[in-house]
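Here the structure is a predicted model, which means the values were calculated and not measured.
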Amino acid sequence: MATTVKNSSRVSLAMERTGQWVFSQEIPSDVVIEIGEANFALHKFMLVAKSGYIRRKIMESKEPDLTRIDLSDIPGGPEIFEKAAKFCYGVNFEITVHNVAALRCAAEYLEMTDKCSESNLAGRTEDFLSHVALTTLPGAVVVLKSCELLLPMAADLKIVQRCIDVASAKACSEANFPSRSPTNWWTEELSILDINSFQKVFTSMKTRGAKTLTLASCLMVYAEKALPDLVRDHTGNGTKSLDPGDSNIRNQQRDLLESIVALFPSEKAAFPVNFLCCILRSAIFLKSSISCKNELEKRISAILEHVTVDDLLVLSFTYDGETLFDLQSVRRIISGFVEKEKSVAVFSAGDFSETCSTAMQRVAKTVDAYLGEIATYEDLAISKFNGIATLVPKTARKVDDDLYRAIDIYLKAHQNLDEIEREKVCSVMDPHKLSYEARVHASQNKRLPVQIVLHALYYDQLKLRSGVIDDRKTQDALMTRNQIQADVSLIKENEALRTELLKMKMYISDLQKNQGTSSKSGGSRKPTFFSSVSKTLGKLNPFRHGSKDTSNIDDSAIDLTKPRRRRFSVS
């Protein structure tokens with residue numbers, strides 16, 4: 001309704017302006033040109049001088065005095081005819097990139113060519129197209145945009161093709177050699193086109209050898225502009241204004257999305273994974289074709305190692321963030337990635353059941369974290385939860401701590417499960433692959449079934465009995481304890497050595513005192529005394545094999561067996 005009122009006001013304004021400059025000629029009009037609801041009272045002699053079509057209409061008319069001519073199918077409607085009429089009357093008006101295509105089509109329709117009159121409207125518009133409008137990328141895009149309402153005449157006049165050639169050439173040049181910032185400004189220019197015109201420019205760019213990243217960047221910007229509520233606004237707030245019952249809008253969006261996906265380059269890794277996830281969620285929301293969704297799933301699966309938990313959550317929930325989609329897309333994506341990894345392992349003559357690539361291990365951590373995020377939703381069935389968990393090979397998980405966390409969250413959110421159902425949930429986890437902290441937590445977790453708790457406790461008992469300690473923190477603690485015991489033993493040994501040396505010093509001091517007393521009493525017993533002292537000191541001296549101070553002691557009567565080695569303190 002608003003569009004009809006707007007068009008009516010434009011027609012009335014055009015009639016008013018035309019009436020002003022026509023009546024100012026002070027010559028009564030003799031023909032009325034009808035264009036829809038608009039009527040233009042004009043003069044035959046002014047129109048036939050420039051328009052071959054109107055001249056032929058008047059001459060071929062069976063009426064002796066033709067007073068009304070219907071031109072309702074003229075390209076551009078009343079507004080463009082008004083400018084063409086002004087041209088016939090010699091009234092100045094402005095030719096712009098917005099109206100030049102319509103004026104060129106109107107000139108062709110009215111046969112306002114140089115055959116009818118020199119420097120006619122057709123020639124003027126052609127000059128403007130060649131020397132002004134089609135010299136820049138923005139100008140070519142605006143003209144091509146205006147041609148969308150002028151088909152098929154604009155295509156017959158080669159205006160569309162000329163615009164496509166200029167736009168694609170300028171876009172490729174800007175992509176390779178940017179002339180201004182931001183460097184991707186040209187993608188914003190192309191985003192104003194409808195999908196048909198954009199597809200023609202995009203195909204022309206591919207023909208000119210545009211790089212894959214250039215084409216991908218162009219498509220990403222166009223998708224965000226064409227479907228802002230579905231692609232750009234990741235929160236989905238914009239879709240609240242969309243009436244779910246408005247099937248026409250939904251069908252238009254679905255057709256547009258499928259057309260965009262059909263333009264994707266063949267390279268699987270051309271787009272970032274978050275963009276692909278947003279497009280796939282839109283395809284699920286709009287109920288796009290199976291082929292469209294399969295193409296998006298294959299592209300995401302090819303680069304799944306770069307997917308984050310947030311990306312997978314985008315795929316899982318509707319735009320309100322409260323309802324889970326059917327998780328079949330997520331399952332197909334993970335399955336496709338696992339199959340690809342198996343193929344690579346077979347090609348590399350490896351055993352996929354024993355070792356997994358780094359990418360597979362990264363995906364396993366992402367999937368376990370993803371399960372922990374969706375586990376809180378009550379409508380998530382056990383079969384769906386287990387189905388996603390079992391897609392990842394068991395060898396891809398070094399430890400099952402992340403998976404145990406997801407299971408614990410699921411059991412906490414679904415407290416009405418019986419013992420058998422809880423055992424089904426826990427069946428995807430290997431209790432023997434839990435870390436020490438996780439096993440301790442599991443042994444005290446009342447939400448777990450008894451069988452799982454017994455597994456955890458029995459495994460720890462086996463570890464204690466066998467003396468095998470696999471926990472890294474426990475190993476570090478044991479190494480620290482052994483080092484402390486070694487240090488304490490060394491300190492005790494050094495203290496015992498100091499005590500022994502002190503005793504020896506005191507004993508030698510006593511001998512020296514006794515020697516002084518004996519020398520005073522008489523010198524006849526001196527040799528016998530020194531001989532006994534030497535033998536005694538030789539037995540007590542622990543340094544007799546390396547000390548310079550004991551080089552004169554007689555060891556002939558002592559057993560020189562190899563002594564026990566000791567570590568001596570520096571002090």
Student: To the nearest 0.5 Å, tell me how far L263 CG sits from I195 CD1.
Tutor: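 Taking CG in L263 and CD1 in I195, the distance rounds to 5.5 Å.
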Student: E82 vs K86, test: salt bridge (Lys or Arg N to Asp or Glu O under 4.0 Å). Steps then yes/no.
Tutor: CA-CA 6 Å; E82 178 193 3; K86 285 184 176 181; 3.7 Å; yes
Student: Check whether any side-chain N or O of T135 sits under 3.5 Å from a backbone N or O of V132 as a donor-acceptor pair, and report yes or no.
Tutor: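 Answer holds: yes.
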Student: Side chains of S179 and E174: is there a donor and an acceptor less than 3.5 Å apart?
Tutor: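 Judged by distance alone, the side chains do pair up.
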Student: Decide, yes or no, whether a salt bridge links E297 with K293 under the criterion of side-chain N to carboxylate O below 4.0 Å.
Tutor: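 No, E297 and K293 are not salt-bridged.
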Student: Is there a donor-acceptor pair closer than 3.5 Å between any side-chain N or O of N251 and the backbone N or O of S247?
Tutor: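 Present.
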Student: Can you find a heavy atom in the side chain of K384 that is under 4.5 Å from one in the side chain of I388?
Tutor: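 They are not in side-chain contact.
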Student: Taking atom types as modelled, find out whether D310 and T308 have a side-chain donor-acceptor pair closer than 3.5 angstrom.
Tutor: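 Short answer, no.
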Student: What's the separation between atom OG1 in T125 and atom CD in E108, rounded to the nearest 0.5 Å?
Tutor: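 Output value for this atom pair is 9.0 Å.
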Student: Can you confirm if the aromatic rings of F202 and Y222 lie within a centre distance of less than 6.0 Å?
Tutor: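 Ring centroids of Y222 and F202 are no less than 6.0 Å from each other.
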Student: Got a sec: does the CZ of R332 have more than 12 other heavy atoms crowding it under 6.0 Å?
Tutor: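 Enclosed: over 12 neighbouring heavy atoms sit under 6.0 Å from CZ of R332.
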Student: Does the side chain of Y370 pick up a donor-acceptor pair with the side chain of S316 at under 3.5 Å?
Tutor: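 Looking only at side-chain atoms, S316 and Y370 do form a donor-acceptor pair, the distance falling under 3.5 Å.
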Student: Output, in order, the C-alpha distance, side-chain angles, deciding distance and verdict of side-chain contact (heavy atoms from CB on, under 4.5 Å) for F81 and I33.
Tutor: CA-CA 10 Å; F81 176 77; I33 304 297; 3.5 Å; yes
Student: Determine yes or no for a side-chain-to-main-chain donor-acceptor pair under 3.5 angstrom, with D255 supplying the side chain and R250 the backbone.
Tutor: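 Looks like no, no N/O pair under 3.5 Å.
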Student: Test side-chain contact (heavy atoms from CB on, under 4.5 Å) on L276 and I303; report intermediate values, then the result.
Tutor: CA-CA 10 Å; L276 292 175; I303 54 175; 4.2 Å; yes
Student: Taking the side chain as every heavy atom from C-beta outward, state whether L327 and I374 have any pair of such atoms under 4.5 Å apart.
Tutor: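 They are in contact (side-chain heavy atoms under 4.5 Å apart), so the answer is yes.
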Student: Would you say the side-chain atoms of T390 pair up with the backbone N or O of N386, donor to acceptor, closer than 3.5 Å?
Tutor: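 Checking the backbone N and O of N386 against the side chain of T390, a donor-acceptor pair under 3.5 Å is found.
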Student: What's the shortest heavy-atom distance between E34 and N39, and which atoms?
Tutor: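 So the two residues come closest at CG-OD1, 3.3 Å.
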Student: Of all heavy-atom pairs between C277 and L315, which one has the smallest distance, and what is that distance?
Tutor: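 Looks like O-CD2, 3.4 Å.
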Student: Taking T203 for its side chain and K200 for its backbone only, find out whether a donor-acceptor pair lies under 3.5 Å.
Tutor: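 Answer holds: no.
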Student: Is any side-chain heavy atom of R397 less than 4.5 Å from a side-chain heavy atom of K365?
Tutor: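 No, too far: nothing below the 4.5 Å cut-off.
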Student: Flag the pair L66 / V31 as yes when at least one side-chain heavy-atom distance between them is below 4.5 Å, and no otherwise.
Tutor: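 In short, these two side chains do not touch, never coming nearer than 4.5 Å.
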Student: Using 0.5 Å steps for rounding, measure from the NZ atom of K50 to the CG atom of L121.
Tutor: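 Here the rounded value is 9.5 Å.
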Student: Report the distance from atom SG of C88 to atom CE of M112, rounding to the nearest 0.5 Å.
Tutor: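 Output value for this atom pair is 3.5 Å.
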Student: So R281 and S329, side chain to side chain donor-acceptor pair (under 3.5 Å) or not? Walk me through it.
Tutor: CA-CA 10 Å; R281 185 198 25 195; S329 289; over 6 Å; no
Student: Taking T187 for the side chain and N184 for the main chain, is one N or O donor matched with an acceptor at less than 3.5 Å?
Tutor: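 Yes; at least one donor-acceptor contact below 3.5 Å.
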Student: Does any non-hydrogen side-chain atom of R208 lie less than 4.5 Å from one of D165?
Tutor: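 Yes, at least one pair of side-chain atoms sits under 4.5 Å.
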Student: Can you name the closest pair of heavy atoms from S168 and S204 and give their distance?
Tutor: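 Looking at all heavy atoms of both residues, the shortest contact is OG-OG, 2.8 Å.
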Student: Could you grab the distance from atom CG of L103 to atom CZ of R124, nearest 0.5 Å is fine?
Tutor: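 Taking CG in L103 and CZ in R124, the distance rounds to 12.0 Å.
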Student: Using a 3.5 Å distance criterion without hydrogens, assess whether the side chain of R254 forms a donor-acceptor pair with backbone atoms of L286.
Tutor: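 Yes.
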Student: Test side-chain contact (heavy atoms from CB on, under 4.5 Å) on V32 and I69 and set out the steps.
Tutor: CA-CA 6 Å; V32 176; I69 301 176; over 6 Å; no
Student: Quick check: closest heavy atoms across A270 and A216, and the distance to 0.1 Å?
Tutor: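 That would be O-CB, 3.6 Å.
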Student: Angle between ring planes, F264 versus F271, binned at 30° and 60°: parallel, tilted or perpendicular?
Tutor: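 Taking F271 first and then F264, their aromatic rings sit tilted (interplane angle of 30° to 60°).
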Student: Any side-chain heavy-atom pair from E258 and S291 closer than 4.5 angstrom?
Tutor: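 No, too far: nothing below the 4.5 Å cut-off.
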Student: Should I80 and I74 be marked as a side-chain contact (heavy atoms from CB on, under 4.5 Å) after you check the CA-CA gap, both sets of side-chain angles, and the distance that decides it?
Tutor: CA-CA 9 Å; I80 295 302; I74 185 173; 5.7 Å; no
Student: Side chains of S357 and E341: any donor to acceptor distance under 3.5 Å?
Tutor: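 S357 and E341 do have a side-chain donor-acceptor pair below 3.5 Å.
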Student: Would you check if there is a donor-acceptor pair between the side chains of Y109 and D73 at a distance under 3.5 Å?
Tutor: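 Judged by distance alone, the side chains do pair up.
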Student: When you measure from the side chain of T96 to the backbone N and O of H98, does any donor-acceptor pair fall under 3.5 Å?
Tutor: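 Present.
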Student: Would you give the length of the straight line joining atom CG of L71 to atom CG of L47, rounded to the nearest 0.5 angstrom?
Tutor: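 Taking CG in L71 and CG in L47, the distance rounds to 9.0 Å.
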Student: So that I can tick it off, tell me whether R56 and E111 are bridged by a salt bridge, with the cut-off set at under 4.0 angstrom between side-chain N and carboxylate O.
Tutor: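 Yes, E111 and R56 are salt-bridged.
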Student: Heavy-atom distance under 4.5 Å between the side chains of N176 and K211, does that happen here?
Tutor: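 Side-chain contact under 4.5 Å: yes.
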Student: Taking it one step at a time, do E295 and K268 satisfy salt bridge (Lys or Arg N to Asp or Glu O under 4.0 Å)?
Tutor: CA-CA 10 Å; E295 174 65 22; K268 298 297 182 182; 3.7 Å; yes
Student: How far apart are the C-alpha atoms of K170 and E189, what are their side-chain angles, what is the distance that settles it, and do they pass the salt bridge (Lys or Arg N to Asp or Glu O under 4.0 Å) test?
Tutor: CA-CA 11 Å; K170 296 289 185 181; E189 297 291 337; over 6 Å; no
Student: With heavy-atom distances below 4.5 Å as the criterion, would you say the side chains of L403 and V428 are in contact?
Tutor: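 In short, these two side chains touch, coming nearer than 4.5 Å.
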Student: Is it the case that the side chain of S61 and the backbone of K57 share a donor-acceptor pair, with hydrogens and angles ignored and the cut-off at 3.5 Å?
Tutor: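 Checked: no pair found.
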Student: Apply side chain to side chain donor-acceptor pair (under 3.5 Å) to residues Q252 and N248 and explain how you reach the verdict.
Tutor: CA-CA 6 Å; Q252 292 175 2; N248 291 331; over 6 Å; no
Student: Return yes if some donor-acceptor pair links the side-chain N/O of S301 with the main-chain N/O of I333 below 3.5 Å, else return no.
Tutor: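 Here the side-chain-to-backbone pair exists.
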Student: Quick check: closest heavy atoms across A375 and F385, and the distance to 0.1 Å?
Tutor: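 Shortest heavy-atom contact: CB-CE1, 4.1 Å.
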Student: Would you please say whether a donor-acceptor pair under 3.5 Å links the side chains of N120 and S117?
Tutor: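 Absent: no donor and acceptor within the cut-off.
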Student: Would you name the heavy atoms of L193 and F198 that are closest together and state the gap between them?
Tutor: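 The answer is CB-N, 4.0 Å.
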